[in-house]
Amino acid sequence: MTKKVPLYYGAMGLILIAVGIFQSWTVAFGILNLCLISAIMALGVNMQWGYAGLFNVGIMGFTALGGLAAVLVSMAPVQEAWSAAGGDLFLSLLCLAGTIAAILYARRTVSPALKRYVTLALLVAGYFLISHFFIPATERIEAIDPALSGYLGGLGLPVILAWPIGGLVAAGAGWLIGKISLGLRADYLAIATLGISEIIIAVIKYEEWLSRGVKNVTGIPRPVPYEVDLVETDWFLSAVSSLGLSDPSAAAGVFVKICYALLFIAVLAVIMWLAERALQSPWGRMMRAIRDNRDAAAAMGKDVKARHLQVFVLGCAVCGVAGAMLATLDGQLTPTSYIPLRYTFLIWVMVILGGSGNNWGAVLGGFVIWFLWIQAEPLGAWFMTVITMPLPEESGLAQHLMAGSVYMRYLLMGAILLLVMRFAPKGLIPER
Amino acid sequence: MDIANAFALLSNFVIVPAIAYGAQLALGALGVTIIFGILRFANFAHGELMSFGAMAAILATWFLQASGVSIDPLPTALLALPVGILAAIAMALLTDRFVFRFYRRKRSNPIVFAIVSVGVMFLLAGLIRIIIGPDDQSFSDGARFLFTVRDFKKATGLEQGIGVKQTQLITVVVALVVVAALFWFLQKTRWGKAMRAYSDDEDLALLSGINPEKIVTIAWVISAALAAIAGTLYGLDKTYKPFIFLQILLPIFAATILGGIGQPVGAVLGGFIVAFSEVTVTYAFKRFLAYLGPQDWAPEGLVQLLSTDYKFAVSFVILVAVLLVRPTGIIRGKVI
Amino acid sequence: MIKVENVTKRFGGIHAVNGVSLEIQQGSITGLIGPNGAGKTTLFNIIAGAFPPTSGKIYLDGDDVTELEPHQLFHKGLLRTFQIAHEFSSLTVLENLMTVPGGQPGEDLRHAWFNFAAVRAHEEKVRERARDVIEFLEIPHLENELAGNLSGGQKKLLELGRTMMVDAKIVFLDEVGAGVNRTLLQTIATSIQRLNKERGYTFCLIEHDMDFIARLCDPVIVMAEGKLLTEGTVDEVMNNEEVIEAYLGTGRKHKRVSEQ
Amino acid sequence: QDTVKIGMLQGFTGPTESLVKPMALGGELAIQEVSDSGLFLGGKKVVSVRGDSTCVDAAAATAAADRLITSEGVNGIVGATCSGATTAVLNNVARPNGMLMISPSATSPALSTIEDDGLFFRTAPSDARQGQIIGDILVAKGIKTAALTYTNNDYGKGLADSIQSAFEGKGGKITAVAAHEDGKADYSAEVATLAAAGGDILIVAGYLDQGGKGMIQAALDTGAFEKFVLPDGMVGEALTDNFGADLDGSIGTNPGTDSPGAAMLAKLAEGKGFKGDDPYVPEAYDASAILLLAMQAANSTDPAKYKGMVEKVANAPGEKIFPGELAKALKILADGGDIDYVGGTALELIAPGESAGSFRETTVEGGKWKTVAYH
Amino acid sequence: MSFLSATGMTGGYGGADILTDCNLSVERGEVAVVVGPNGAGKSTAMKAVFGLLNLREGSVVFDGDDITRMAPQERVRHGMGFVPQTRNVFVSLTVEENLEMGAFIRDDDITESKEQVFSLFPILAEKRNQPAGELSGGQRQQVAVGRALMTKPKLLMLDEPTAGVSPIVMDELFDKIVEVARTGIAILMVEQNARQALEIADHGFVLVQGSNRFTDTGEALLANEEVRRSFLGG
Ligand SMILES: Nc1ncnc2c1ncn2[C@@H]1O[C@H](COP(=O)(O)OP(=O)(O)OP(=O)(O)O)[C@@H](O)[C@H]1O
Ligand SMILES: Nc1ncnc2c1ncn2[C@@H]1O[C@H](COP(=O)(O)OP(=O)(O)OP(=O)(O)O)[C@@H](O)[C@H]1O
Ligand SMILES: [Mg+2]
Ligand SMILES: [Mg+2]
């Protein structure tokens with residue numbers, strides 16, 4: 001069984017190489033980069049589901065937070081926005097802190113009978129106080145050149161920093177969400193996280209002062225050189241010609257993708273090392289014990305709630321890192337693109353297909369499914385062409401079918417998923 | 001003070017739409033809850049099954065319309081509904097036979113079923129788009145309204161009117177009838193009890209001489225029939241479009257769990273709670289209050305608790321709150 | 001050692017435990033018996049922190065532990081087994097046992113990641129102890145079997161074995177004997193006695209096998225319908241009219257079928 | 001090589017799937033026409049290669065574009081459909097590879113200022129322009145107050161912003177703005193909010209087969225609004241087919257011209273079994289057409305060479321070219337002449353490479369669209 | 001040929017064989033008891049007889065028919081009833097519904113059988129409308145046996161029916177088992193309360209590591225010194 005691991009990975013590598021040879025190297029590396037990001041996401045989910053049995057269907061939300069972090073870290077600050085509304089924003093933040101402090105203080109001092117009412121009263125008062133400063137401030141920010149800016153911008157730091165920060169942001173959100181909803185049973189946790197992730201997306205979509213909302217933030221700076229600059233750089237051109245390549249712009253495309261790939265591989269390697277180390281240690285054993293039977297684990301002295309929270313936060317952080325990486329690769333944050341099908345269900349398919357509970361499996365699942373997701377498109381067209389071959393070109397049915405060929409993506413994804421699940425139901429690389 | 005107008009306003013913008021929307025969610029949730037409760041997995045393909053049933057009904061409706069059959073003032077689609085139901089059942093049984101049965105025999109984890117159902121969802125989504133295309137299809141005919149806002153205003157002389165659509169009424173009635181029938185079936189009949197027994201413990205059901213395949217078949221037949229009905233009624237009320245069915249799956253699941261998994265009554269309750277909370281919390285009470293307040297007075301702002309931007313968040317917040325207080329859902333449901 | 005004060009637990013309308021007060025003496029092996037549904041398991045669950053009582057208080061060595069969670073009680077030296085075996089089904093028997101000890105450095109991620117040597121050293125010790133327990137339970141051939149594949153009785157043994165992985169102060173055993181072979185049960189009884197004498201464990205056990213109770217327990221507490229019925233030595237209890245009527249019955253009257 | 005490939009990169013799956021179907025056919029109609037003429041670059045064939053930009057998934061759009069360019073080896077791209085996907089493809093694939101894109105439907109104002117190395121064009125006008133026009137129409141009709149709802153994406157939001165600022169700049173008042181999400185089951189809450197705020201008319205900046213339709217449905221059902229302003233995404237037969245006379249009195253605007261080109265295209269399309277006047281179909285046709293004509297003018301399929309020709313073939317001076325006359329245009333260009341492509345949209349490219357935008361104002365009468373004026 | 005005779009059963013759960021050449025048999029109106037150490041394969045043997053395990057070798061003959069290849073639910077219809085060792089009640093069904101499910105294959109009136117079960121286990125009558133999942137361990141066991149009796153089987157198979165049952169109920173259970181047997185039903189049960197069980201047994205089988213170690217009458221096994229020492233706890 002352990003022999004399978006190098007075998008599968010080797011096969012995956014060969015397939016990517018084949019894509020490079022038969023389609024093109026940019027396509028191959030483009031797929032590889034997203035495979036790597038998908039693999040990281042799958043690792044995060046595997047921590048939660050595979051180690052601890054936490055059914056998180058809110059992956060999309062944490063990925064999006066990572067993406068938001070990429071914007072907030074790397075974009076240049078919008079000075080007008082800060083000068084127009086920075087003060088009020090700061091005041092509303094102060095009010096928020098004040099409200100929280102007041103509530104905490106009140107809960108400690110007020111008699112238990114009154115606690116709930118005092119808290120509620122403070123909450124309402126705080127809400128109005130905060131909105132008093134906050135709403136006008138955001139309106140002013142959003143009014144600044146709405147077609148191009150209309151938001152606060154970011155910190156203008158190198159985008160690489162956004163990756164760990166994206167992890168931290170997602171971890172923070174995960175902590176909050178975990179605190180509230182980890183008490184729920186597995187299936188309810190699912191629906192709660194599903195809802196919460198939708199709420200996160202909604203915030204990113206509607207709070208334009210923060211993220212430009214649906215108007216999208218484009219042009220997130222890159223951690224790697226731009227192709228257009230490369231083709232004008234001497235060392236690159238000389239390297240290209242010394243390698244005997246004819247087309248410098250194609251070479252630049254591949255080069256940039258390779259740079260990304262190296263960065264991503266480094267991140268994946270670190271996360272993988274940590275994940276494997278944790279899983280193979282008594283910590284991993286404890287997590288599996290909790291997953292199998294939480295009552296018994298609690299009776300054996302394991303703090304189930306704290307451990308669940310820990311692993312949940314870790315998993316969310318990993319998804320956040322992946323989200324930041326994805327936004328970096330895309331070079332933009334498009335809130336409307338966060339849909340559960342792509343960012344939650346697809347990731348789940350990766351984990352299950354790869355083999356939940358097994359890190360190597362999850363990573364492999366990330367590779368295979370992303371590859372299929374992308375290649376389903378040309379495959380679908382090819383398939384329809386083959387099917388309609390015997391029909392005369394003018395036949396209505398043939399035209400109808402050809403028009404439907406783009407929907408073969410769904411059909412093929414479904415079919416492939418079902419077939420693999422059928423013939424390797426425990427995943428390609430089972431837990432043990 | 002103008003209570004009549006205030007009430008008419010509220011009915012028209014809150015009560016009637018919420019009831020209709022709630023009934024639609026309820027019908028969907030009923031189908032989901034059956035599979036969730038009996039076969040113990042969240043069937044993500046349910047939305048597409050609704051779509052598939054509706055599609056078959058539409059094709060049949062077109063055929064009927066083309067051959068001049070109609071049951072005016074009711075929509076012809078009702079006549080075509082059996083075709084949709086049969087198609088959905090056939091599709092459900094087919095997927096069960098070729099997909100789910102395998103995992104059932106292997107006793108896979110419910111999550112595996114859920115993931116597999118995602119596969120079926122993809123498959124059906126592709127199939128439906130290839131057959132009928134991705135476009136909007138409108139197929140409703142017959143009278144649209146039971147009474148319109150204009151009729152109402154004319155009849156009562158009020159400033160505000162209430163409009164009720166025929167499909168809204170049909171949906172509500174169907175939802176209520178179905179929930180009663182299902183409740184009776186599961187609680188009182190032999191096969192109903194056998195289904196609950198099966199959902200508890202398949203092995204033991206086997207030991208009691210219950211044929212598991214038959215239980216599964218019944219569950220799929222009920223769920224698929226409900227899906228076709230819900231899909232068709234939904235399409236009649238709005239329009240039919242394949243893309244929408246993925247979207248309404250979310251509130252449907254919320255309704256299912258809110259009500260308590262495996263509980264038909266819960267599904268209906270859940271549907272209405274989701275619908276009402278979405279509509280009321282985000283409703284702008286400005287004009288309502290203006291009617292209630294003194295003459296010529298109106299509140300300054302919109303008097304809206306929450307922007308409609310976050311309306312779906314309302315149902316999820318309620319869902320989470322309810323689950324924290326009462327983890328089994330409103331009506332004690334099953335936990336996988 | 002353990003003091004239960006006026007504890008009540010309601011499930012809906014049912015009073016599973018109804019105003020029970022009792023004490024378990026340090027160093028004793030206390031038996032808890034009573035008809036099915038008397039509330040014994042429920043009382044265990046309350047003491048072990050699985051859920052809080054509707055009213056009443058629990059004290060451990062004089063401290064109020066009513067609100068503590070099971071894992072906190074474990075670290076105070078209170079262990080329990082489950083009537084319906086709660087094994088970690090995807091772990092092997094050895095791993096099941098090795099999971100038990102508290103305070104393992106490897107359960108802290110910082111050590112798991114960056115302090116491998118310490119983790120490994122500690123693992124060796126834990127493994128050794130787990131092997132001893134396996135030896136004791138007479139299941140060495142099952143060391144690497146997944147716990148989910150064990151037979152009903154083997155799971156109960158594992159349940160008992162877990163309590164032997166740490167040095168407990170007090171152990172609550174909920175029907176360890178049910179489904180366990182009688183010959184093996186004898187051995188278990190001996191070792192309970194030994195742990196009690198040599199290591200000073202306090203035991204409280206629920207059991208329906210009266211021979212087992214008679215052999216081990218003093219005192220014996222009898223519960224019925226959520227209440228305390230009586231308490232005393234084995235002899236006192238076994239001859240108590242109420243106990244006989246509610247629990248023990250008047251004796252065996254079975255005959256072979258074919259003889260009739 | 002003997003065949004030239006054109007990438008048809010559109011949102012075939014996802015929220016725009018129904019809009020895209022005829023668009024792609026429209027784009028391919030022009031390709032077919034050029035290919036069949038036998039005059040293109042000395043008799044080369046042209047084929048279209050489809051790629052799915054999904055509209056919402058930047059990563060998938062990028063991957064599809066990557067495949068089209070580097071694996072299929074297309075020489076130009078018609079696409080993408082949505083502004084978000086277009087931006088992603090332009091930044092990540094087209095610019096780096098020096099590939100030229102002409103989008104028929106990405107209308108976000110932000111695309112006007114994007115850095116494109118001269119590689120990006122669009123045959124649809126920016127939304128900013130439409131906002132102006134709607135503001136003018138409303139003021140001219142004496143409408144003082146309006147409620148506004150938009151589909152919650154970059155298109156809807158951008159359009160809503162420009163309508164609001166234009167209308168309010170001319171003294172009108174927007175009573176309330178509410179976004180609506182596409183593909184939701186129910187829109188009663190949004191309509192209720194807008195109704196509470198009131199207004200003479202409801203502006204629906206959405207899609208006719210999506211949330212926009214749902215909003216109108218809910219507004220009509222509850223009697224909240226009786227008249228609507230329907231920007232480009234809402235104009236289409238499907239809407240009037242569905243609501244009929246209930247929409248009477250509503251105002252529509254969409255890119256369109258009184259030039260005979262539109263009708264000619266509609267006729268051409270009819271022969272091929274789709275509707276040439278569906279939204280963005282003429283734009284798609286024109287996008288393909290000017291792409292190929294630019295190649296012809298430059299006598300090259302290398303984007304770096306023909307990118308400078310796009311504006312030249314689209315604008316005056318030269319012989320006016322209408323749909324169906326591509327063969328003629330190819331011939332003129334081959335002979336070194338000049339053309340002014342008019343096409344289905346009376347195309348006029350302004351800096352920085354987008355359609356100036358001529359809009360058609362329509363109104364619904366007796367359940368049918370009636371053209372009122374051109375702006 | 002006995003009423004039930006399982007001969008030469010060999011097989012397991014996919015890995016190594018758990019059962020090797022295991023034989024069990026019982027006559028109408030008789031009680032046969034299987035005893036043995038934990039993990040000997042007693043439950044496995046029961047499952048094999050009931051068709052829940054794929055046998056590699058061996059055959060099961062019941063009431064004159066070879067049923068080796070028959071599906072479990074078919075065996076129920078043929079008159080076999082089974083109470084497994086664990087997971088033997090429907091936890092979310094009420095006690096009464098559990099009993100009704102036991103009678104699922106019967107088409108006649110079941111009220112009388114129900115009353116019989118309730119009079120045998122009075123506590124169940126009290127809790128008839130409570131979900132079985134909320135019952136105590138012993139109460140569940142009673143529901144499980146009651147459920148099996150509702151089938152009116154010709155052969156009743158019980159896997160440790162008295163585990164966790166209070167002494168008084170255990171006595172009654174054994175009495176009832178004898179009573180049931182007297183009506184002409186064959187009873188095959190696994191017991192760890194082996195001494196009491198062998199007292200009422202006509203036949204006993206001592207299973208060790210999947211094969212028969214001793215097979216004799218109940219009395220003889222009770223008298224056998226080695227059996228007492230190694231398996232019955234002295
Ligand atoms: N979760 C629950 N919900 C409702 N009732 C319960 C629950 N748990 C236990 N009960 C009820 O409480 C009573 C006591 O149950 P408990 O399990 O404590 O009995 P017990 O003394 O351990 O019996 P046994 O010897 O059979 O194990 C029973 O009548 C049972 O039905
Ligand atoms: N599902 C299973 N998969 C693999 N092995 C199993 C499985 N169930 C039981 N076994 C193994 O088969 C052997 C016999 O188990 P069985 O349950 O038949 O024992 P038993 O005689 O009933 O014991 P007990 O008295 O403890 O119930 C045991 O060693 C057990 O580990
Ligand atoms: Mg108990
Ligand atoms: Mg057993």
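In the text below, chain A, chain B and the rest are named by the order of the sequence lines, each starting its count at 1. Computed from heavy atoms alone, side chains included, the values below leave out hydrogens, waters and symmetry copies. It should be emphasised that the depicted structure is a prediction, and the values quoted were computed from it without experimental measurement.
Salt bridge status for D:R50 with D:E28: present, with a side-chain N to carboxylate O gap under 4.0 Å.
When the candidates A:I31, A:L326, A:T218 are compared by the number of heavy-atom contacts under 4.5 Å with chain D, A:T218 comes out ahead. Residue with the most contacts toward chain A among D:A88, D:S162, D:A110, D:P109: D:A88 (heavy-atom pairs, distance under 4.5 Å). Counting heavy-atom pairs under 4.5 Å between each of D:N152, D:D66, D:N92 and chain A puts D:N152 at the top. Options D:N91, D:D52, D:N97, D:L25 differ in how many heavy-atom pairs under 4.5 Å they form with chain A, and the most are formed by D:D52. Heavy-atom pairs under 4.5 Å with chain A peak, among D:G98, D:G51, D:A24, at D:G51. Of the listed residues A:D330, A:L230, A:T336, A:V256, the one with more heavy-atom pairs under 4.5 angstrom with chain D than any other is A:D330.
Taking the ring centroids of D:Y207 and D:Y155, they lie under the 6.0 Å cut-off.
With D:S105 contributing its side chain and D:T81 its backbone, the two residues share a donor-acceptor pair below 3.5 Å.
Only the side chain of D:D161 comes within contact range of chain A, with heavy atoms under 4.5 Å apart. Only the side chain of D:T113 comes within contact range of chain A, with at least one heavy atom under 4.5 Å from a heavy atom of that chain. In this structure, no portion of A:R212 lies under 4.5 Å from any heavy atom of chain D. Residue contact with chain A, scored on non-hydrogen atoms closer than 4.5 Å, is absent for D:A128. Of the atoms belonging to A:L329, it is backbone heavy atoms, and not side-chain ones, that fall under 4.5 Å from chain D. A:Y206 touches chain D through its side chain: at least one heavy atom from C-beta onward sits under 4.5 Å away, while N, CA, C and O do not.
Listed by first then second residue, pairs satisfying salt bridge (Lys or Arg N to Asp or Glu O under 4.0 Å) with a partner in residues 87-101 of chain D read D:R95-D:E115, D:R95-D:D117, not counting sequence neighbours.
Within a 6.0 Å sphere centred on CD of D:E168, heavy atoms belonging to other residues, nucleotides or ligands number more than 12.
Not a single ring-ring contact (aromatic ring centres under 6.0 Å, His included) links A:W25 to another residue, sequence neighbours left out.
Note: A:Y343 and A:Y338 have tilted aromatic rings, judged against thresholds of 30 and 60 degrees for the angle between ring planes.
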**Request:** Report the C-alpha distance between D:R122 and D:S112 in whole Å, list the side-chain angles of each, state the deciding distance to 0.1 Å, and finish with yes or no for side chain to side chain donor-acceptor pair (under 3.5 Å).
**Result:** CA-CA 9 Å; D:R122 48 180 167 175; D:S112 299; 3.0 Å; yes
